[in-house]
Amino acid sequence: MKLFQNKKKKKSIIEFLYILPFLILIAVFAYYPLYGWVYAFFDYRPPQPLTMDNFVGLKWFQSLVSNPVKTKQIVNVVTNTLVMSGITVTTSWLPMLFAVFLNEIKCIPFRKAVQTVTTIPNFISWVLVYSVAFNIFNNTGVVNQVFVSLGIIDKPIQFLQASEHVWLTQWLWLTWKNLGWAAIMYIAAITSIDEELFEAAKVDGATRMQMIRYITIPSILPTYFVLLMLSIASFLTNGMEQYYVFQNAFNKEKIQVLDLYVFNLAMGSGSYSVATALSILKSMISLILLSLANGISKLVRGESFL
């Protein structure tokens, strides 16, 4: 019995050593940077080092709600963030639908070609995406030149400078870039469905749409709900690369999301302490959202993802 327990203990230690490198990476790149939160409690002016003479406590947190100008900016930025995240979450079923119909293509070479073409944009940097957008939708871009030559418009349309539809256009660029990549998870889920279910449905005379409705979609719904809950948990995190390259003086009010606002505060205005304080609040709210999403998952699906 003792020999068995020792073998079991040895196996556990070996298995722990397997994941030890990943735990070290997480500690270095995810938890160690949290030390930077200390800047939110000091009046930091680079390159001066932090000293207790610069300690200001919760001053920067209070300034976020006591300064009317800053409060108005934050409300505007949070509105942009919530709207863009809301559009993304409410259309999060698109990759699942794309994967379902992609799986229905019986010509395998054509299916792989479509999957490859739709996945490649994920690996293109946002700088190159903006270059494509600039060449197509600039004042002298392809679209404006065609419209002017056909007599549809008299003067170029300000596609990239307009702020009225910036939420929709940014969602379209994001969808174009990530649709194929996001569908990979659903394609993997579809391939794990038991083929005997489809064969039995064919014998019973089910059409392709009926097999999609009663077999394919119910089988991949758990994957969809897990990804949906993760999207809700990161509701305030849009990233900043996309909006940084597409922002300009004309659409800045509508395109500036929380991550970009924090970056501009730190790098543009030199307000490192205020930017850190805002980042801490964002992290706290995201943690609450993650807990809520986990609770909803447990309530709806009977199991949590944490």
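Side-chain atoms are counted along with the backbone in the values below, which use heavy atoms only and exclude waters and symmetry mates. Keep in mind the model is a prediction, meaning the values are calculated, not measured.
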Establish, from distance only, whether the side-chain atoms of [X] and [Y] form a donor-acceptor pair under 3.5 Å.
{"X": "Asp259", "Y": "Thr237", "result": "no"}
{"X": "Gln161", "Y": "Asn251", "result": "no"}
{"X": "Trp171", "Y": "Thr88", "result": "no"}
{"X": "Gln256", "Y": "Gln247", "result": "no"}

Looking only at non-hydrogen atoms, find the nearest pair between [X] and [Y] and report the distance.
{"X": "Thr276", "Y": "Gly36", "answer": "CG2-O, 3.6 Å"}
{"X": "Leu289", "Y": "Phe235", "answer": "CD1-CB, 3.8 Å"}
{"X": "Tyr243", "Y": "Met84", "answer": "CE2-SD, 3.3 Å"}
{"X": "Arg111", "Y": "Asn103", "answer": "NH2-O, 3.9 Å"}
{"X": "Ala266", "Y": "Ala275", "answer": "CB-CB, 3.9 Å"}
{"X": "Tyr39", "Y": "Leu50", "answer": "CE2-CD1, 3.8 Å"}

Is there a side-chain contact between [X] and [Y] (heavy atoms, below 4.5 Å)?
{"X": "Thr118", "Y": "Leu179", "value": "no"}
{"X": "Leu102", "Y": "Ile187", "value": "yes"}
{"X": "Phe159", "Y": "His165", "value": "no"}
{"X": "Tyr130", "Y": "Gln242", "value": "no"}
{"X": "Met229", "Y": "Asn294", "value": "no"}
{"X": "Tyr44", "Y": "Tyr272", "value": "yes"}
{"X": "Val274", "Y": "Lys70", "value": "yes"}
{"X": "Ile13", "Y": "Lys10", "value": "no"}

> Which of parallel (below 30°), tilted (30 to 60°) and perpendicular (above 60°) describes Phe41 and Phe61?
Replying inline: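 Plane angle between 30° and 60°, so tilted.
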
> When the ring planes of Tyr32 and Tyr35 are compared, do they come out parallel, tilted or perpendicular, using 30° and 60° as the limits?
Replying inline: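 If you compare the ring of Tyr32 with that of Tyr35, the planes turn out parallel.
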
From [X] atom [atom1] to [Y] atom [atom2], the distance as rounded to the nearest 0.5 Å:
{"X": "Thr79", "Y": "Ile74", "atom1": "OG1", "atom2": "CD1", "answer": "11.5 Å"}
{"X": "Asn139", "Y": "Ile157", "atom1": "CG", "atom2": "CD1", "answer": "10.0 Å"}
{"X": "Glu15", "Y": "Lys11", "atom1": "CD", "atom2": "NZ", "answer": "5.5 Å"}
{"X": "Met185", "Y": "Ile190", "atom1": "CE", "atom2": "CD1", "answer": "12.0 Å"}
{"X": "Arg213", "Y": "Met209", "atom1": "CZ", "atom2": "CE", "answer": "9.0 Å"}
{"X": "Leu17", "Y": "Leu23", "atom1": "CG", "atom2": "CG", "answer": "10.5 Å"}

May I ask you to decide if [Y]'s main-chain N or O and [X]'s side chain share a donor-acceptor pair within less than 3.5 Å?
{"X": "Glu104", "Y": "Arg208", "result": "no"}
{"X": "Ser231", "Y": "Val89", "result": "no"}
{"X": "Asn80", "Y": "Glu253", "result": "yes"}
{"X": "Gln210", "Y": "Thr207", "result": "yes"}
{"X": "Lys282", "Y": "Leu258", "result": "no"}
{"X": "Thr71", "Y": "Leu64", "result": "yes"}
{"X": "Asn248", "Y": "Leu160", "result": "yes"}
{"X": "Ser85", "Y": "Leu82", "result": "no"}
{"X": "Lys254", "Y": "Val166", "result": "no"}
{"X": "Asn144", "Y": "Asn138", "result": "yes"}

>> Determine whether the aromatic ring centres of residues Phe55 and Phe42 are separated by less than 6.0 angstrom.
In response: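 Yes, they do, as the ring centres are separated by less than 6.0 Å.
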
> Between Phe123 and Trp181, does the ring centroid distance fall short of 6.0 Å?
Replying inline: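 Judged by ring-centre distance (under 6.0 Å), Phe123 and Trp181 do meet the cut-off.
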
Indicate, with yes or no, if [Y] and [X] share a hydrophobic cluster defined by side-chain heavy-atom contacts under 4.5 Å among Ile, Leu, Val, Met, Phe, Trp and Tyr.
{"X": "Val127", "Y": "Phe246", "value": "yes"}
{"X": "Tyr18", "Y": "Ile26", "value": "no"}
{"X": "Val75", "Y": "Val78", "value": "no"}
{"X": "Ile193", "Y": "Ile184", "value": "no"}
{"X": "Leu168", "Y": "Val143", "value": "yes"}

> What's the verdict on side chain to side chain contact (heavy atoms under 4.5 Å, CB included) for Phe137 and Val142, showing C-alpha distance, side-chain angles and the deciding distance?
Replying inline: CA-CA 7 Å; Phe137 297 106; Val142 176; over 6 Å; no

> Is Asp204 salt-bridged to Lys202, going by a charged N under 4.0 Å from an acidic O?
Replying inline: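 Between Lys202 and Asp204 there is no salt bridge, as every charged N stays at least 4.0 Å from the carboxylate O atoms.
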
>> Looking at Tyr244, I'd like to know if its OH atom is crowded, meaning that more than 12 non-hydrogen atoms belonging to other residues, nucleotides or ligands lie closer than 6.0 Å.
In response: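 No, because the 6.0 Å sphere around OH of Tyr244 holds 12 heavy atoms or fewer from other groups.
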
>> For Ile19, I'd like to know if atom CD1 has over 12 heavy atoms of other residues, nucleotides or ligands within 6.0 Å.
In response: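 Yes, CD1 of Ile19 has more than 12 neighbouring heavy atoms, counting only those of other groups under 6.0 Å.
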
>> Does anything in residues 82-112 form a ring pair (Phe, Tyr, Trp, His ring centres under 6.0 Å)? List the pairs, not counting sequence neighbours.
In response: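 Qualifying pairs: none.
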
> Can you list the steps and then say if Val203 with Glu199 is a side chain to side chain contact (heavy atoms under 4.5 Å, CB included)?
Replying inline: CA-CA 6 Å; Val203 172; Glu199 296 299 328; 5.6 Å; no

Would you tabulate the side-chain donor-acceptor contacts of residues 216-227 under 3.5 Å, counting partners in other chains and residues two or more places apart, or write 'none'?
unit_1: Ser219; atom_1: OG; unit_2: Ile215; atom_2: O; d: 2.6
unit_1: Tyr224; atom_1: OH; unit_2: Ser92; atom_2: OG; d: 3.3

>> Applying side chain to side chain contact (heavy atoms under 4.5 Å, CB included) to Val56 and Trp60, what does each step give before you reach the verdict?
In response: CA-CA 8 Å; Val56 295; Trp60 304 123; 3.4 Å; yes

>> side chain to side chain contact (heavy atoms under 4.5 Å, CB included), that's the test. Do Trp37 and Ser283 meet it? Break it down for me.
In response: CA-CA 11 Å; Trp37 280 11; Ser283 299; 3.9 Å; yes

>> With side-chain hydrogen bond (donor to acceptor under 3.5 Å, both in side chains) as the criterion, how do Tyr261 and Gln73 come out once you've worked through the C-alpha distance, each side chain's angles and the decisive distance to 0.1 Å?
In response: CA-CA 9 Å; Tyr261 181 67; Gln73 288 179 347; 2.9 Å; yes

